[in-house]
Amino acid sequence: MSAPAASGTSPLPWLLLLLSVTTGLVDAISILGLGKVFTANMTGNIVFLGFAAVGTPGFLVVPAVTALASFLTGALIAGRLGRTLAGRPMRHWLLASALFETSLFWIAAVVAAGFDTDPNVGEQSRAFGIYAIIALTGFAMGFRNGTVRQLKVPDLTTTVLTLTLTGVAADSSLAGGANINLGRRLASVAAIFLGAAIGAVMVMQSGLVLPLVVVGALVLAGTAVCALHPVAAAPAAA
């Protein structure tokens, strides 16, 4: 499924920038609160698996595999949902996706509350809770990536910046280029930076519950506003 063309009046770029902010928040949650694992960026997990495979201290196989498996499952379901809702108004697809993603983050917040606020929780219960949060947030971010991929808005993947930064340099006037989508690319970088900074403050000062709740609320509120736009009434093409 692909979305209607993201013209200058389309709300999709703004929604994807907001989702980029939430990616920074999720990275802060996973790296600062869950250990050496990414639940939004799978490249990092492949690298961590390589480290763990040769016995590097501090790196474990199970967290990375949990994140990868849940991420792939989420992306698979997003692909299936996009094809199922092809031809219907795009707002139906966006709202269904947002509700699903938000529910995963808020369930993760409930899990986090079980050990975030109780200093006496056992190590086994805490470890189980951490793995559950890895799986839930990985699932949500895989679902997010599968959905955004089908929207096909240039230079706004919401999760990775390597190609975005490459484009900033390779398409710049210094390289003889025309600075294609420069503003959008820089805004994407700034959004993830902002989310990471805010997420780090939240995790360090209050634990995991607050940032997980905030991520879900931003996803749901931002998508709801986008769904009110006339563009979202158009049918999404398969």
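Here, residue 1 is the first one in the sequence, and each next residue gets the next number. Please read all numbers here as calculations on a predicted model, not as lab measurements.
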Closest contact, heavy atoms only, [X] versus [Y]:
X	Y	result
F139	T73	CE1-CG2, 3.5 Å
M202	V214	CE-CG2, 3.9 Å
A67	M42	O-SD, 4.0 Å
T137	A108	CG2-CB, 4.3 Å
A224	L95	CA-CD2, 3.9 Å
A175	A169	CB-O, 3.6 Å

Between [atom1] of [X] and [atom2] of [Y], what distance do you get to the nearest 0.5 Å?
X	Y	atom1	atom2	answer
L68	N45	CG	CG	5.0 Å
F105	I133	CZ	CD1	11.5 Å
F193	I198	CZ	CD1	10.0 Å
I77	F100	CD1	CZ	5.0 Å
I29	L210	CD1	CG	9.0 Å
R91	H229	CZ	NE2	10.5 Å

Keeping the roles fixed (side chain from [X], backbone from [Y]), state whether a donor-acceptor pair exists under 3.5 Å.
X	Y	result
R80	L76	no
R185	N179	no
T102	G216	yes
S188	R184	no
S30	D27	yes

Note, [X] side chain near [Y] side chain (heavy atom, < 4.5 Å):
X	Y	answer
L34	L208	yes
I130	I134	yes
S97	L81	yes
P11	V225	no
R144	F71	no
Q150	W93	yes
S70	L136	no
L12	M90	yes

- [ ] Please report the C-alpha distance between L94 and L151 in whole Å, then the side-chain angles of each, then the deciding distance to 0.1 Å, and finally whether the side-chain contact (heavy atoms from CB on, under 4.5 Å) criterion is met.
- [x] CA-CA 10 Å; L94 292 177; L151 289 173; 4.2 Å; yes
Open item on the list: Parallel, tilted or perpendicular, judged at 30° and 60°: which one describes the rings of F48 and F38?
Closed with: parallel
Open item on the list: With side-chain contact (heavy atoms from CB on, under 4.5 Å) as the criterion, how do L212 and W106 come out once you've worked through the C-alpha distance, each side chain's angles and the decisive distance to 0.1 Å?
Closed with: CA-CA 6 Å; L212 285 166; W106 285 354; 6.0 Å; no
